[in-house]
2 protein chains.
Amino acid sequence: MAVTLADVAARAGVSSATVSRVLNGNYPVAGSTRERVQRAVAELDYVVNGQARALAAATSDLVGVLVNDVADPFFGLIASALQAEVGVGAAEPGGKLTVVCNTGGSPEAELTYLTLLERQRAAGVVLTGGAVDSPAHSEAVTARLARLAASGTRIVLCGRPPLTLPGDSGPLTTLAFDNHGGARRLTEHLLSLGHRRIGYVTGPAERSTTGHRLAGHRAALEGHGMGPGTEAGADADQLIVHGGYDRDAGFDATLELLRRDLGVTAIVAANDTVALGVCAALRDRGLSIPGDVSVAGFDDLPFSADASPALTTVRIPLQEAGARAGRLVMGRITPPPGGVATITTELMVRGSTAPPATGRS
Amino acid sequence: MAVTLADVAARAGVSSATVSRVLNGNYPVAGSTRERVQRAVAELDYVVNGQARALAAATSDLVGVLVNDVADPFFGLIASALQAEVGVGAAEPGGKLTVVCNTGGSPEAELTYLTLLERQRAAGVVLTGGAVDSPAHSEAVTARLARLAASGTRIVLCGRPPLTLPGDSGPLTTLAFDNHGGARRLTEHLLSLGHRRIGYVTGPAERSTTGHRLAGHRAALEGHGMGPGTEAGADADQLIVHGGYDRDAGFDATLELLRRDLGVTAIVAANDTVALGVCAALRDRGLSIPGDVSVAGFDDLPFSADASPALTTVRIPLQEAGARAGRLVMGRITPPPGGVATITTELMVRGSTAPPATGRS
DNA sequence: AGGCGTACAGCAAGCGCTTTCTTTCTGCTT
DNA sequence: AAGCAGAAAGAAAGCGCTTGCTGTACGCCT
């Protein structure tokens, strides 16, 4: 049915081995022969069978990238930049297809996709987004990754905590986001504006990023003598509401926070999407931003700068990270010393944060 | 290196044919044998080699989806819903991997990816987003699709104009978005509010959706006696600024529109992302929304409802469309009669549109 | 002029699986 | 008791490609 190498060979009057060599260009072929073969290829519209090639050459044209949610620009930005690197001139030798695997944050889906990618003998796998903080799951993932790595699949963690494979030398190649530092600077910014009652809406409890950002927030508070042990931090836990990484979680959590009536003058959201929900809830309750309550997010997604008011947030250079992950997984650049590189974050102060109306300092 | 069928067979004391049959479950195997094989599979952590299987069985575990920009939630939503269908219990037989191909709107990239997918003998291909309106490109795409279709690849167009393959029976399976009707109703809404000077920021000139939406807009104007031939529509073309599908295009186009000083009381944006830029530009010039100028978008992306003011827009049920495209490409549902189904759009009136301050009616 | 290195091109052996065809056995029928 | 259907398992032929090895010319050396 489809045109095969043999068809091309017959047409060009050579053996299929020669055609293969012309196509792959890694073996001397006489100019005239090469030309004849190329003409035959063009005339027959020959397209190589990727699976047969992969089987014979023990290679793969697939790179997998695991994301929690493709519809979320956070992952979209990473994936898009990554693909631009991985698929560079995808027609050229070396250009790979990107398999985007939407785990929906589910550990089972994550494992399933890793198996599927192993089945396809993927050339590389990039894991993005915070890991699920569960020893059992972490162990299962590690086991899968170890097998993948053993079979030559390149593995890159992007925005995940470093991971060390058993019996391996050093941790996996990792691009770690500085969630802790970013969150700390963000809360310090609010403190320096004069806020003392700062609400915090967390991400999903089980994700590692949630913990890291919250820890940064707490570190800032402690730096100002507002740690859990102090008088000022007596009801610190009350100021924290657990949520998730979507807009509705932010909305609900904010209503809950307001219900607690703690006199918050600022709310830090786990990320920009959550901040969207926080703002919606505040407006729903007739509160102005930043007049009544300041709001801050995390990630600096594209829509955040254009929000009204523009959202104060912490910028993660997602596109750079994605591009770098792409280059790493393709082996085009060497991993950072020690395997782990930290992607720095930057505080973006915008209109959604201002000094509190009534200085409680 | 990797565990093969033969290894499993040896361990279970059967032939590799039997192991294959146990794995695929499409042939009678005695219970005891089956059990023995399954134990061997588990003990050896056997994972089938997808390429070998694909080669032998002439099948594929890949479904490609072409998008203009993964980072754009418009495509993200489609892709995510699609993948949920396609990969259902991806471990189960029939579950496919989704290859997301980011064309960046480039016709060349589109063709390249189609070739790559053909090379991988993809089981299905979904093309999303407006097509590039160019006879040459359209012809090239059609040729590629014809070959894919001939080799058994299922093809689905989602949000693209229908396409008929040469010498084929009827058009390709298509989910067409009602861009025209949506745009018409949107502009009618503005007209009914009393707006008469309505600016329009288009999408990229070469995309089919751009034309369809603009045509809907014009149809509404004509319905109100404001067609290009009429007095009221004398400078209709001046009110239209050509842009693109990103935020910056909306920003720049709006500045251009304001520079023309046509007294616009409302601006329709090609989509919600563009509307973001439109709003930013208006604010930049000290204009309030909707006090000074009403703004409307298209698509109803998640952030639009939470914008301030909430954006009036036209909702496209992207997730439904994506899910349906997924089911179609998997052959789980039968194509609509005639091959083409229209996805209806819905006007979402929100806070960003209001009657003009000074009725010019 | 004989021999040898070199540059091409072909042969053929797989890569790891699926699947057709065949064989082997068991259990029935007549 | 002979024969046969049917179930279960094996043998082996590919799927379309890559690649190590083996030819076969040619041009060059001494």
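For the numbers below, each heavy atom of this structure counts, side chains included, while hydrogens, waters and symmetry mates do not. In the text below, chain A, chain B and the rest are named by the order of the sequence lines, each starting its count at 1.
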### Task
Would you mind reporting whether T142(B) and L165(B) have side-chain heavy atoms less than 4.5 Å apart?
yes

### Message
Any heavy-atom pair between the side chains of L66(A) and L117(A) that's under 4.5 Å?
### Response
yes

### Contacting residues from residues 45-52 of chain B, given that a heavy atom lies under 4.0 angstrom of DNA chain C
Y46(B), V48(B), N49(B), A52(B)

### Task
For DNA chain C, determine which residues of residues 19-42 of chain A have any heavy atom closer than 4.0 angstrom to one of its atoms, and list them numerically.
R21(A), Y27(A), P28(A), V29(A), A30(A), T33(A)

Could you work out, with side chain to side chain contact (heavy atoms under 4.5 Å, CB included) as the rule, every residue matching [X], not counting sequence neighbours?
| X | result |
| --- | --- |
| A341(B) | L175(B), R324(B), P336(B) |
| S134(A) | V132(A), A136(A), H137(A) |
| S151(B) | T153(B) |
| Q38(B) | V22(B), R34(B) |

Residues 48-59 of chain A side chain polar contacts: donor-acceptor under 3.5 Å, at least two apart:
| from | atom 1 | to | atom 2 | distance (Å) |
| --- | --- | --- | --- | --- |
| N49(A) | OD1 | Q51(A) | N | 2.9 |
| N49(A) | OD1 | A52(A) | N | 3.1 |
| R53(A) | NH2 | N24(A) | OD1 | 3.3 |

State which residues pass side-chain hydrogen bond (donor to acceptor under 3.5 Å, both in side chains) with [X]; sequence neighbours excluded, sorted by chain then number.
| X | answer |
| --- | --- |
| E35(A) | none |
| T33(A) | none |
| S16(A) | none |

### Query
Is A58(B) touching bases, backbone alone, or none of the nucleic acid, heavy atoms closer than 4.0 Å?
nothing

### Message
How long is the straight-line distance from CG of L145(B) back to CG of L127(B), given to the nearest 0.5 Å?
### Response
5.5 Å

### Rounded to 10 degrees, the angle between the two terminal axes of the helix from dA1(C)-dT30(D) to dT30(C)-dA1(D), each from five pairs
60°

### Query
Between which nucleotides of DNA chain D, read 5' to 3', does contact with chain A run, using atoms under 4.0 Å from its heavy atoms?
dG16(D) to dC21(D)

#### Entry: Test log, rule salt bridge (charged side-chain N to carboxylate O under 4.0 Å, His left out), inputs E110(A) and R160(A)
CA-CA 14 Å; E110(A) 193 164 292; R160(A) 281 213 172 204; 2.9 Å; yes

### Query
Cut-off 3.5 Å, side chains only: do T115(A) and R144(A) have a donor facing an acceptor?
yes

### Task
Identify, between G13(B) and A56(B), the residue whose nearest nucleotide on DNA chain D lies closer to the 5' end.
G13(B)

